[in-house]
Amino acid sequence: MKMPWENFGKVLSELVGLMYYDSDYESESESDTPPKLKCQKRALYTPEEETELIRDQVLKIEGFDIDFSNIRCKFNFSPVDLLHGNKFTKPPQKDGYLIDIFCNMAVDEFNKFYLRNLLLFFGKKVEFVEAQKAVCHLQNGRKFYITFQGREDNQLQLYQAMMQYHSIETALVAFCRLKL
């Protein structure tokens, strides 16, 4: 027996007619008229297929570098706009500022971990260079999956860090590693 909520996403998407901005805007002329919102008649994927698509991506790449280009519903995952976003910070700060703080915290933890295990690291230190990409997952607070560039012995390498964030006082580095 099917439960009434099993096809809720499909029913809702058909009723509402999901909206989007398309690169092929409906305009009457090439003048400076604003683009019109178009109704998406047929989605690329059904809600069930989107669920499978994002689940496969999360399992394959562990939450890092999720491709949001073909997904309408983000399933509690969202890309972080490093340059212009204010989703997680108050103006005039940008979200990139918060991600930079997290990257520095992750690099500090990474260096402390390897300084305790000198056999693996031999006293090398990693320096944070710049954040490349970040994804936020809303679950029991926020988890940030961050890919950033670090410098070790004048060589640039990509690193990945996962941060648990409830407030700036309770931000924790879950892990930091070289990008897989």
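Heavy atoms only: backbone and side chains are in, while hydrogens, waters and symmetry mates are out.
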- Task: For N104, enumerate each residue passing the side-chain contact (heavy atoms from CB on, under 4.5 Å) test, keeping only those at least two apart in sequence or located in another chain.
- Result: F128
- Note on the structure: The side chain to side chain donor-acceptor pair (under 3.5 Å) partners of D108 (sequence neighbours excluded) come to none
- Of all residues at least two apart in sequence or in a different chain, which pass the side chain to side chain donor-acceptor pair (under 3.5 Å) check with T51? none
- Message: Please give the remaining members of the hydrophobic cluster of L156, linking ILVMFWY side chains under 4.5 Å, ordered by chain and number.
- Response: V129
- Note on the structure: With sequence neighbours left out, the residues meeting salt bridge (Lys or Arg N to Asp or Glu O under 4.0 Å) with E52 are R55
- Item | Pairing residues for D100 by the side chain to side chain donor-acceptor pair (under 3.5 Å) criterion, not counting sequence neighbours | none
- Task: Quick one: list whatever passes ring pair (Phe, Tyr, Trp, His ring centres under 6.0 Å) with Y159, sequence neighbours left out.
- Result: F110, F148
- Item | Considering all heavy atoms, the nearest Q132-L158 contact | CG-CD2, 3.8 Å
- Message: Can you give me the closest heavy-atom contact between G63 and V135, atom names plus distance?
- Response: O-CB, 3.8 Å
Identify every side-chain donor-acceptor pair in residues 173-180 under 3.5 Å, counting partners at least two apart or on other chains, and give the distances.
from: R177; atom 1: NE; to: Q160; atom 2: OE1; distance (Å): 3.1
from: R177; atom 1: NH1; to: E62; atom 2: OE1; distance (Å): 3.1
from: R177; atom 1: NH2; to: E62; atom 2: OE1; distance (Å): 2.5
from: R177; atom 1: NH2; to: Q160; atom 2: OE1; distance (Å): 3.0
from: K179; atom 1: NZ; to: D65; atom 2: OD2; distance (Å): 3.0

- Message: Let me confirm one number: the CG-CD1 distance from L82 to I99, rounded to the nearest 0.5 Å.
- Response: 6.5 Å
- Item | Sequence-distant partners of D153, salt bridge (Lys or Arg N to Asp or Glu O under 4.0 Å), two or more places apart | K124
- Using the rule that two of Ile, Leu, Val, Met, Phe, Trp, Tyr join whenever any of their side-chain heavy atoms come within less than 4.5 Å, decide whether F68 and I61 are in one cluster. yes
- Message: Under the rule for side-chain contact (heavy atoms from CB on, under 4.5 Å), what residues qualify as partners of K94, not counting sequence neighbours?
- Response: N86
- Task: Only counting residues at least two apart or in another chain, list the ones meeting ring pair (Phe, Tyr, Trp, His ring centres under 6.0 Å) with F144.
- Result: F88, F102, Y165
- Message: If you compare all heavy atoms of F64 against all heavy atoms of M162, which two are closest, and at what distance to 0.1 Å?
- Response: CZ-N, 4.5 Å
- Tell me, do M105 and M163 make a side-chain contact under 4.5 Å, heavy atoms counted? yes
- Query: Among all residues two or more places apart in sequence or in another chain, which pass the side chain to side chain donor-acceptor pair (under 3.5 Å) test with K133?
  - Reply: none
